[in-house]
Each structure stands twice: as C-alpha cells, then as structure tokens.
Amino acid sequence: MVHVWEAAYGKTFDIQVAQTGDDLSAGSSDWATVASASRELSAGSMTETIQLDEGASGRFIRIYITEKCGVSSNVSLLLVFRVRSLAGNREGWIIACLFYPHVDRGSNDER
C-alpha cells in the first residue's frame, strides 16, 4: 500500500480491515490491524510504502490515525493499493483520496 501524505500526516496509525457482516462502527473490535506505523516523515519524503501483514484480507479497510503531525488541523492522504480477488484470478489497483477532519471535542464532550 502506497501512502502519499500532504504536510499534515498521520504520525501514528493502524491499517485495519473488516469483513462483510462485521460491525463497522469506530469502536468495534471486528476491525483487525494488519499494519501499524509510528514515525516522523521529512518534507522531502511524504510518500511511503506500507507492507501489510502476510495474508491480510478484508472487504473494508480503514486508516485509524491516533496521532497527527503538521500544522494543519486536518490530515489528508492519497492511497494507492493493489487488490486481488479471493480466487486470485483477478487483480487491479484502487486509488483513494482520504480527508480526515480534525475533531476537537474540547470541554463539551459531555453531550
């Protein structure tokens, strides 16, 4: 999986997958972590390749960012990854642009 980050990027995150029929809510334990990262990127190297765990598969994928880096209040990412059917006879590429708005709950978290 290739990540192309902008100036504000995910410093610490998990790549997680889930299956059809799983609970896809944010706090669900059905999400399985298939790769993790915790690092600092330099301005000249905002593109990185993340290797997923051997045999990682799922119907749904998410990037679960736990810490961001950069001055923007948002994180944005262009993802490029290769997908293969379970039968192994069809494969292709998926390109997705993701935008993670920063949520600052502040002291009003008691709603």
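Along the sequence shown, residues are numbered consecutively beginning with 1.
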Worksheet item: Do the non-hydrogen side-chain atoms of Phe13 and His3 ever get within less than 4.5 Å of each other?
Response: yes
Worksheet item: So, do Trp31 and Leu24 sit near enough that their side-chain heavy atoms are less than 4.5 Å apart?
Response: yes
Worksheet item: Should we say atom CD of Gln51 is surrounded by more than 12 heavy atoms from elsewhere, each under 6.0 Å from it?
Response: no
Hey, is the main chain of [Y] close enough, under 3.5 Å, to the side chain of [X] for a donor-acceptor pair?
X     : Y     : value
Asp23 : Asp30 : no
Arg39 : Lys11 : yes
Thr66 : Thr12 : yes
Gln19 : Ser57 : yes

Worksheet item: If every non-hydrogen atom of Trp5 is compared with every non-hydrogen atom of Leu41, which pair is closest and at what distance?
Response: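 Heavy atoms of Trp5 and Leu41 come nearest at CD1-CD1, 3.6 Å.
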Fill in: Interatomic spacing from CD1 in Ile65 to CD1 in Ile15 - rounded to 0.5 Å
10.0 Å
Worksheet item: CD1/Ile63 to CD1/Ile50 distance, rounded to the nearest 0.5 angstrom?
Response: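 It is 8.5 Å, given to the nearest 0.5 Å.
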